[in-house]
Protein chains: 2
Amino acid sequence: MPGPAVSIRDVASQAGVSVGTVSNVLNRPDIVAASTRNRVLAAISELGFVPNDAARQLRRGRGRTLGLVVLDVANPFFTDVAKGVEDATGAAGMAVIFCNSDGDSAKESRYLDLLEEQRVQGVLITPVDDANERLVRLRERGVLVVLLDRRSTRPDVCSVSVDDRLGGELAMRHLVEAGHRRIAFVGGPWRLEQVRDRCHGAVHALREAGLAEETLRRFETPSPTVAAGRDAASRILGLPRSARATAVFCANDLLALGVLQELTRQQVRVPEDIALVGYDDIDFAAAAAVPLSSVRQPRQRLGQTAAQLMLDEANDPENHRHKQVIFEPELVVRESSRYARTPG
Amino acid sequence: MPGPAVSIRDVASQAGVSVGTVSNVLNRPDIVAASTRNRVLAAISELGFVPNDAARQLRRGRGRTLGLVVLDVANPFFTDVAKGVEDATGAAGMAVIFCNSDGDSAKESRYLDLLEEQRVQGVLITPVDDANERLVRLRERGVLVVLLDRRSTRPDVCSVSVDDRLGGELAMRHLVEAGHRRIAFVGGPWRLEQVRDRCHGAVHALREAGLAEETLRRFETPSPTVAAGRDAASRILGLPRSARATAVFCANDLLALGVLQELTRQQVRVPEDIALVGYDDIDFAAAAAVPLSSVRQPRQRLGQTAAQLMLDEANDPENHRHKQVIFEPELVVRESSRYARTPG
DNA sequence: TCGTCGGGCTGAAACGTGTCAAGGTTATCC
DNA sequence: GGATAACCTTGACACGTTTCAGCCCGACGA
């Protein structure tokens with residue numbers, strides 16, 4: 001049933017010109033005479049010709065696609081980032097191959113193989129771990145690489161990130177100022193740099209306030225998801241009340257929502273009994289049972305900027321200067337941490 | 001800097017065999033002698049050879065990618081569907097090109113062009129409107145098409161959907177039984193079939209209960225988003241209290257969350273003053289300010305099944321029977337609609 | 001009239017792979 | 001020992017583009 005595929009050659013003969021001319025109409029319309037051009041265009045639409053990108057790519061060396069590898073599609077943070085990427089690439093007529101590593105480095109690796117076989121122009125990636133050795137190899141083979149939501153340690157690769165340490169500081173300073181002296185940090189897996197940085201920022205704020213590091217107790221989670229958050233909350237509630245944290249800072253909003261669910265289920269009031277601060281300020285944070293305080297990141301701009309950086313390098317590789325863009329996060333205080341704690 | 005691209009030919013000479021043999025090692029390893037095979041594999045890893053999928057695709061006619069076109073990436077419903085798709089395709093070594101039509105049919109059309117140029121094996125799509133004329137053309141050119149979350153009217157195209165009318169019925173029956181006699185339906189744009197079906201189902205349940213159709217009042221929204229939900233809620237609250245609905249049924253959870261936010265902001269209690277039922281049962285529904293009653297759909301299975309249907313057809317086009325899979329939704333009652341209304 | 005110039009167009013050569021008929025080698029059987 | 005079969009391997013062609021050297025032809029200047 002699939003009618004015979006129509007190629008540039010069919011168009012050529014229908015229009016009474018050579019294949020070269022058809023190709024020119026497609027790629028450099030200005031150098032072909034108007035009358036010829038119209039004849040070709042007519043033939044194209046008459047035959048319903050659709051250029052074969054594989055052939056073009058084969059000839060040109062690289063294609064019109066780019067890969068986006070994120071840690072979790074189900075996390076609204078990343079879907080917003082993806083939207084930003086799409087904005088920038090759609091305008092440039094590029095296709096995005098969306099890959100979900102799920103925080104699993106084997107899966108990440110498989111996807112990178114796939115992208116390499118596709119000869120993508122470049123890869124925008126939030127790597128699972130720091131071992132970017134694989135990414136360096138990619139670059140050497142001519143695949144552009146931009147780190148997403150992760151600061152590059154190497155000067156020869158672009159990155160777009162948000163200052164996670166600062167974010168951690170903002171959250172923790174807020175809690176300390178409200179009088180909290182036993183605070184839990186919920187986040188993980190620890191191998192994620194974002195988690196570590198946010199925690200380190202929090203510790204820094206603690207020191208700054210002249211408090212002991214033990215003020216902050218860490219609860220590591222196997223994944224940054226709602227379910228893991230619920231689990232962490234029940235661990236926190238397992239402690240005797242006198243030793244229990246009076247505030248919880250979560251490495252992202254999914255965790256925070258999970259914590260909130262479990263606290264509520266166990267009749268612990270937020271923020272009266274335990275205050276709560278999340279991270280990312282996803283749209284659902286504001287709609288939560290108790291509207292969630294959170295550290296806001298410019299999610300969409302993150303994606304846009306990363307894509308733009310890659311497109312810039314693709315269009316003018318010669319005098320492209322690798323950049324490390326760092327955005328600043330912003331604390332949004334809502335119900336979940338609003339009331340100051342009376343010390344005790 | 002990008003080292004010279006290494007092709008199958010380089011591998012062949014390095015291993016001392018012909019290119020045909022290398023190709024065989026890659027595609028039908030069983031027909032080549034073990035010793036030769038090992039020699040070739042050694043050469044491959046030594047040279048760091050990565051097959052060029054564009055060339056393969058050019059030769060074979062169709063590639064290893066498939067397109068997924070959804071209405072809104074930011075909607076957790078679709079990200080869960082996408083996860084299902086990914087499960088099924090990842091196992092088959094396929095790449096997914098993720099496209100976001102944003103409910104805009106021009107954007108949808110642009111993406112279909114792109115996918116056609118990529119010579120994708122097939123397209124999984126939740127179309128913006130019913131004018132699937134474009135999709136029929138796609139099929140005629142040999143691109144597999146599976147409708148996603150939309151029932152196919154044509155017998156010659158697969159579809160995977162959930163019975164939206166039934167979903168609407170379930171929700172409405174629940175509200176009617178709780179005693180509500182002035183109910184609002186919030187959903188839109190009306191052009192989306194899902195929205196219409198859910199509404200029709202609701203109307204059906206009304207008739208079934210012997211109630212007048214005017215019992216249900218429709219509020220159309222420009223998009224099925226949180227913001228649109230807030231807006232609809234303030235329209236509902238604009239009515240005098242005596243004429244105002246005592247329950248709201250929303251075409252999806254994003255709308256419901258928006259409605260909930262605005263009701264809360266205007267000090268209207270849920271469910272005491274107004275009961276609320278959403279649709280999709282996204283994870284955030286249970287975590288909302290007031291846990292949301294919702295109609296649950298098997299999101300991930302939806303995606304999995306659609307992808308599987310397409311793979312089946314791709315692998316054995318001859319005796320593939322087009323299917324119309326229809327799942328059944330399920331009502332999940334939570335806080336937001338729990339208390340029966342005392343009539344009046 | 002001849003030479004030169006340049007805009008438009010042509011035609012063939014790649015790009016990297018899959019496929020397939022044909023060839024070559026070795027084992028098997030009478 | 002020769003025929004047959006079984007098994008591997010080869011080499012050339014095709015896939016649909018882009019690119020580029022070169023051709024044709026009309027215009028222009030001398």
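So that the names make sense, note that chain A is the first sequence line, chain B the second, and so on, each numbered from 1.
- Neither side chain, A/Ser159 nor A/Ser161, offers a donor N or O lying under 3.5 Å from an acceptor on the other.
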(request) Report, as a single string ordered 5' to 3', how protein heavy atoms within less than 4.0 Å touch nucleotides 5-14 of chain D: B base, S sugar-phosphate only, - not at all. (result) ---SSBB--B
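- In this model, no donor atom of one side chain and acceptor atom of the other lie less than 3.5 Å apart for B/Glu117 and A/Asn52.
- Between the side chains of A/Arg119 and A/Gln57, no donor-acceptor pair of N or O atoms lies under 3.5 Å.
- Side-chain contact check for B/Asp80 and B/Gln300: no donor-acceptor pair (N or O, by modelled atom type) lies under 3.5 Å.
- By the 4.0 Å N-to-carboxylate-O rule, A/Asp72 lies close enough to B/Lys83 to be salt-bridged with it.
- Using a 4.0 Å cut-off, some side-chain N or O of A/Asn27 falls inside it from OP1 or OP2 of D/dT18.
- For the helix from C/dT1-D/dA30 to C/dC30-D/dG1, the angle separating the two terminal helix axes comes to 50°, with each axis derived from five pairs and the value rounded to 10°.
- On the nucleic acid side, DNA chain C contacts chain B at distances under 4.0 Å to non-hydrogen atoms, with the end points of that region at C/dG16 to C/dT19.
- No salt bridge links A/Asp30 with A/Arg28; every basic N to acidic carboxylate O contact stays at or beyond 4.0 Å.
- Here A/Arg134 pairs with A/Asp113 in a salt bridge; the nearest charged N to carboxylate O distance falls below 4.0 Å.
- Using a cut-off of 4.0 Å between Lys/Arg side-chain N and Asp/Glu carboxylate O, B/Arg191 and B/Asp129 are scored as not salt-bridged.
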(request) Could you check A/Phe98 against B/Ile97 for side-chain contact (heavy atoms from CB on, under 4.5 Å), going step by step and ending with a plain yes or no? (result) CA-CA 6 Å; A/Phe98 201 156; B/Ile97 300 185; over 6 Å; no
